[in-house]
There are 2 protein chains.
Amino acid sequence: MLHVAEAARVSVATVSALINGTATVSPELSQRIEQAILDIGYKRNAIARSLKMGTTRTIGLTVPHITNPFFTDVVSVIQQAFDRAGYAVMLCCTDEDLNTQDDQIRLLLDRMVDGLIVARVGDGAILKRIVDDANVPVVLLDRVCEGVDTDSVVLDNQRAVFDAITYLIDLGHRRIGYISGSFDISPMHDRMTGYREALQAAGLPIESELVRFGNFHEVDGYNATMQLLSLHDRPSAIFSANNPMVIGTMKAIRDIGLSCPEDISVACFDDFPWSDVFQPQLTTVAQPVKAIGEQAANLLLDRLAGNRDAPPRKLTLKGRLMIRNSCRPLGAPMGAIVQSVSA
Amino acid sequence: MLHVAEAARVSVATVSALINGTATVSPELSQRIEQAILDIGYKRNAIARSLKMGTTRTIGLTVPHITNPFFTDVVSVIQQAFDRAGYAVMLCCTDEDLNTQDDQIRLLLDRMVDGLIVARVGDGAILKRIVDDANVPVVLLDRVCEGVDTDSVVLDNQRAVFDAITYLIDLGHRRIGYISGSFDISPMHDRMTGYREALQAAGLPIESELVRFGNFHEVDGYNATMQLLSLHDRPSAIFSANNPMVIGTMKAIRDIGLSCPEDISVACFDDFPWSDVFQPQLTTVAQPVKAIGEQAANLLLDRLAGNRDAPPRKLTLKGRLMIRNSCRPLGAPMGAIVQSVSA
DNA sequence: CATCATTTTCGAAACGTTTCATCGTCCTCT
DNA sequence: AGAGGACGATGAAACGTTTCGAAAATGATG
């Protein structure tokens with residue numbers, strides 16, 4: 001900018017005024033400055049600007065795993081929304097690890113991100129403290145925590161799982177295995193509640209041997225399913241509370257020599273783009289990923305636009321049960337299912 | 001930092017020296033400073049540091065679509081690698097759009113990213129110019145362009161497709177449909193070459209009606225497949241040169257009332273995590289995504305570590321044909337396949 | 001004890017912007 | 001003609017660091 005000013009024989013203040021339109025500059029000088037900018041190929045340095053202005057037009061986004069299709073889609077939507085608004089997005093993956101998450105959030109705050117969208121991990125206490133003394137708006141995504149009182153957008157997980165389990169019960173299933181992720185994040189807690197309530201509403205017992213915990217990964221789903229399938233009285237259906245884990249479930253079913261849905265019905269949380277193309281077509285709880293991402297982005301953009309003191313807004317969206325052919329009616333003739341498998 | 005200095009009754013220079021370890025400071029002052037840092041809760045401002053140092057410890061990463069599983073995985077690996085090295089990653093998705101890409105790269109350079117990893121889109125000319133006068137190291141990912149002479153890591157696309165098509169030919173297929181992405185990026189060009197060469201090597205004609213172009217999206221694969229299947233002499237096999245498009249292919253096959261592999265064999269580029277769980281299990285060309293991401297990260301990290309003048313390093317990795325059950329031998333009894341479908 | 005070498009500390013400039021108060025200039029109005 | 005206003009341009013301070021050369025303190029040496 002100094003060079004531009006010299007070349008145009010004006011002060012840097014004038015160049016800045018012209019570039020930002022913060023003051024009127026005479027046509028004559030404008031022309032000289034614009035020419036100089038072209039000649040020199042000047043580009044404003046965003047870092048210096050950030051330092052002076054106290055804003056970086058950059059936000060931080062942390063998710064547990066970008067390879068989880070749910071987060072892939074949400075990240076994609078959020079990235080697009082901020083791109084449109086002229087913001088850059090710094091992406092971090094916490095790998096479901098608390099320390100990693102804390103480090104990454106600190107890293108982002110050090111870099112003066114203007115806001116944060118966090119699909120948190122673990123206990124909210126540290127997150128709360130970090131966020132409190134960093135003075136940036138935060139939107140919690142997918143996972144809320146009691147202590148932290150900020151904008152958030154989550155799914156009505158309890159209801160969604162309630163509906164899915166009730167669907168299985170209606171099909172005649174009585175022993176329904178449930179594979180949960182770690183219990184310390186809100187969705188897993190709420191989903192489990194939905195499972196229990198659905199059983200209770202149907203007057204079915206809640207048997208702890210039917211509930212298994214994993215750490216969100218495919219291998220966890222595999223191991224949990226192996227355990228469920230080796231019970232002396234094995235479940236006739238399995239619900240997996242997370243998307244990557246259901247892959248493990250399917251692999252376990254295959255490896256043990258059973259097949260879905262003939263021997264065992266399967267449903268899970270989170271839809272796949274290809275779920276209605278391959279067999280079995282999984283019955284899933286689809287989250288409105290697009291809406292979730294856009295709402296989260298809008299909440300943050302609104303804060304960034306200056307609406308700082310509005311009370312926390314907590315959005316809860318509804319999931320949708322996508323009924324396909326991975327769950328079979330118990331006692332019904334196999335024909336209906338088999339026909340659709342080999343169609 | 002000023003506050004820390006005052007609280008500890010030292011100069012800012014001393015505080016800086018202690019924090020960075022750039023000079024020895026006496027135990028006494030060290031203690032006072034550390035105490036003050038704790039009392040005040042001081043965090044170094046990375047933006048100011050960046051301005052002074054000319055380095056942000058941030059890199060830019062642009063990919064066409066993060067929802068393409070190939071890029072999802074690569075982004076994930078790259079993000080992890082830079083996280084380990086203490087770098088932040090700014091992620092941009094170009095949506096296969098040239099102008100978007102240029103804008104985003106400029107945005108990243110304005111923010112003084114230390115380096116760039118680019119899975120480019122479109123003609124390399126503009127990219128080359130942008131990159132030339134920004135003085136940051138660039139690694140080209142997946143897609144190279146002739147003009148731009150930088151580090152790169154790509155797949156041996158030609159060979160990979162050659163192998164896949166040859167496999168189909170060996171199964172007895174003679175009319176093999178081919179669905180390509182836009183032709184102006186190197187992998188699509190090379191994959192097409194592999195297709196042609198495989199046909200030629202087998203003495204088969206190259207028929208233009210069997211080749212269709214799409215823009216990488218599911219819907220493009222759908223439309224292309226619809227066209228191929230409505231040819232009066234339809235192909236017995238289809239190869240899709242990209243991953244999202246094959247979903248469209250499968251949907252088209254389903255919608256038209258055919259099934260895979262009984263009526264039509266399908267293979268495609270890029271593996272899915274779930275490809276050996278659901279039916280049909282797709283035969284794919286698997287890219288070594290982990291190696292690709294890590295190599296790209298390493299190339300850039302090496303430049304960032306100071307190795308600036310080394311000649312451009314161009315890495316070419318090998319794909320691997322994952323043979324599953326979505327392609328059937330022509331003329332062979334159906335039994336072998338059907339058995340595995342319903343296994 | 002004076003001198004010199006070494007270690008520790010510090011003041012100030014610099015990075016590239018933005019912004020604010022000030023200063024000219026030129027009009028317009030009595 | 002002098003005063004007051006409007007407008008355009010500018011100099012300088014500030015944002016929060018790092019770094020360099022110089023100053024101060026300390027220790028060693030003759």
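Here the structure is a predicted model, which is why all the values come from computation and not from measurement. Proteins get letters first, then strands, A, B, ... in listed order; numbering begins at 1 in each.
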| query | Cut-off 3.5 Å, side chains only: do Arg308(A) and Asn135(A) have a donor facing an acceptor? | reply | no

| task | For Thr58(B) and Arg111(B), test the side chains for any donor-to-acceptor distance below 3.5 angstrom and give the result as yes or no. | result | no

Using a cut-off of strictly less than 4.0 Å, decide whether [X] has a side-chain nitrogen or oxygen near OP1 or OP2 of [N].
X        : N       : result
Arg44(B) : dT18(D) : yes
Ser11(A) : dA9(D)  : no
Ser26(B) : dT8(C)  : no
Thr14(B) : dC10(C) : yes
Asn45(A) : dC15(C) : no
Ser16(A) : dT17(C) : no

| Between Thr22(A) and Met53(B), which is nearer to the 5' end of DNA chain C once each is assigned its nearest nucleotide? | Met53(B)

| message | With a 4.0 Å cut-off on N to O distance, would you call Asp110(A) and Arg49(B) a salt bridge? | response | no

| note | Walking DNA chain D from its 5' end, the first of Ala13(B) and Leu51(B) to be reached, judged by nearest nucleotide, is Leu51(B)

| said: Distance check, rounded to the nearest 0.5 Å: Gln35(B) atom CD versus Arg32(B) atom CZ? | reply: 11.5 Å

